[in-house]
There are 2 protein chains.
Amino acid sequence: MSQGNSCVSVVGQQARACTVREALDRVGGKWSVGILVAASQGPVRFTELERQVEGISRRMLTLTLRNLERDGLLHRRVYPTVPPKVEYTATPMALELYESLVTLTAWAERHRAAITEARAAYDREHADWTGSRAD
Amino acid sequence: MSQGNSCVSVVGQQARACTVREALDRVGGKWSVGILVAASQGPVRFTELERQVEGISRRMLTLTLRNLERDGLLHRRVYPTVPPKVEYTATPMALELYESLVTLTAWAERHRAAITEARAAYDREHADWTGSRAD
DNA sequence: CAGAATCCATCCGGATACTG
DNA sequence: CAGTATCCGGATGGATTCTG
């Protein structure tokens with residue numbers, strides 16, 4: 001998730017690829033989308049996220065939240081109460097990003113079966129026989 | 001890039017997030033998009049890719065190519081000549097994927113400045129002072 | 001030319017324990 | 001409640017060498 005990806009001195013259509021990566025770097029993380037989705041419905045608290053985003057660890061939740069906040073995709077609001085209360089909300093920019101992702105979702109759904117089969121075929125083809133027909 | 005992400009037993013809108021991840025897992029890799037872009041113009045040879053996708057190592061090129069091929073995003077054609085010649089071509093499915101990414105590219109371009117500034121602001125805000133004004 | 005194999009540094013991410 | 005800190009295994013990815 002660290003950047004440095006400046007897209008400078010990149011020529012040809014690879015420049016476009018570089019721009020895509022700018023977006024992917026922000027959403028490519030294992031948990032980013034899950035959090036974004038949850039936060040796009042309205043303010044969500046830390047513990048709510050911990051439950052909604054299944055399988056996430058406390059650590060990764062914190063880290064991913066920080067990154068998203070840093071990129072301006074999430075807004076963090078702290079209520080100075082005791083016990084503390086923190087709410088995360090998706091920013092307009094994040095909502096737009098989420099909209100951009102629906103195209104991708106559609107693609108994934110359209111080709112889910114094809115991909116699964118392509119993999120199966122590939123694995124069948126490249127099964128390392130090594131002559132061992134041991135069973 | 002290893003899967004296992006079956007999206008089973010995922011409820012609510014998190015199921016959607018899971019579907020998005022299916023797509024992202026295939027393109028989220030550091031080099032996938034670059035290769036896909038290069039191969040979408042027509043057949044490309046190994047060494048051509050090595051040059052076009054700037055900064056990629058031989059190893060990662062091979063690995064990413066294998067993954068893309070396995071997912072049915074690239075077609076690999078071998079010419080049994082000497083020296084050998086191998087051409088990679090993006091499949092229709094990959095071209096559709098690339099189209100889906102255009103939306104994302106647009107998003108990245110629209111908000112590039114905003115993100116850069118959000119980061120700067122965040123870093124300014126969270127600069128760890130620790131009281132050390134040591135200069 | 002198009003890779004496979006090996007070695008090694010770094011990063012990602014999970015588990016656990018502690019805190020204001 | 002909402003984190004932070006630490007430890008650690010596995011994955012990611014670069015550099016280099018060898019080969020059909």
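Every chain is numbered from 1 and lettered A, B, ... according to where its sequence line falls, protein lines coming before strand lines.
- The side chain of B:Thr47 lies closest to C:dC1, out of D:dC1, C:dC1, D:dG3.
- In the set C:dG13, D:dG3, D:dG14, D:dG14 carries the atom at the smallest distance from any side-chain atom of B:Ser57.
- Using the six-membered ring where Trp is involved, A:His126 and A:Tyr122 have ring planes that are parallel, under 30° apart on the 30 and 60° scheme.
- Picking from C:dG13, D:dT4, C:dA2 the nucleotide with the shortest atom distance to the side chain of B:Arg58 gives C:dA2.
- Atom C1' of nucleotide C:dG3 and atom CD of B:Glu87 are separated by 16 Å, given to the nearest angstrom.
- Atom CD1 of B:Ile56 is separated from atom P of D:dG13 by 10 Å (rounded to the nearest Å).
- Here D:dG13 presents its C1' atom at 15 Å from CG of A:Asp25, a figure rounded to the nearest Å.
- Of all nucleotides listed (D:dC1, D:dG3, C:dG3), D:dC1 comes nearest to the side chain of A:Pro84.
- The CZ-C1' distance, from A:Phe46 to C:dG20, rounds to 15 Å in whole Å.
- Closest to the side chain of B:Thr62, from the set C:dA4, D:dG13, D:dT4, is C:dA4.
- In this structure a side-chain-to-backbone donor-acceptor pair under 3.5 Å is missing from B:Thr89 to B:Pro43.
- As rounded to whole Å, 14 Å separates atom C1' of C:dA4 from atom CG of B:Leu65.
- A close approach under 4.0 Å does occur between a side-chain nitrogen or oxygen of B:Arg76 and OP1 or OP2 of C:dG3.
- Taking only side-chain nitrogens and oxygens, B:Tyr88 never comes nearer than 4.0 Å to OP1 or OP2 of C:dC1.
- Comment: A:Arg110 engages B:Glu96 in a salt bridge, judged by a side-chain N to carboxylate O separation of less than 4.0 angstrom.
- Using a 4.5 Å heavy-atom threshold, the side chains of B:Arg112 and A:Glu22 count as touching.
- No donor-acceptor contact under 3.5 Å links the side chain of B:Arg59 to the base of C:dG3.
- Note: NZ (A:Lys30) to P (D:dG10) measures 14 Å, nearest angstrom.
- Look at CD on B:Glu54: it is 18 Å from P on D:dG13, rounded to the nearest Å.
- Atom CG in A:Asn67 sits roughly 14 Å away from atom P in C:dC11 (whole-Å rounding).
- With a 6.0 Å radius and a threshold of 12 heavy atoms from other residues, nucleotides or ligands, A:Glu117 has its CD atom at or below the threshold.
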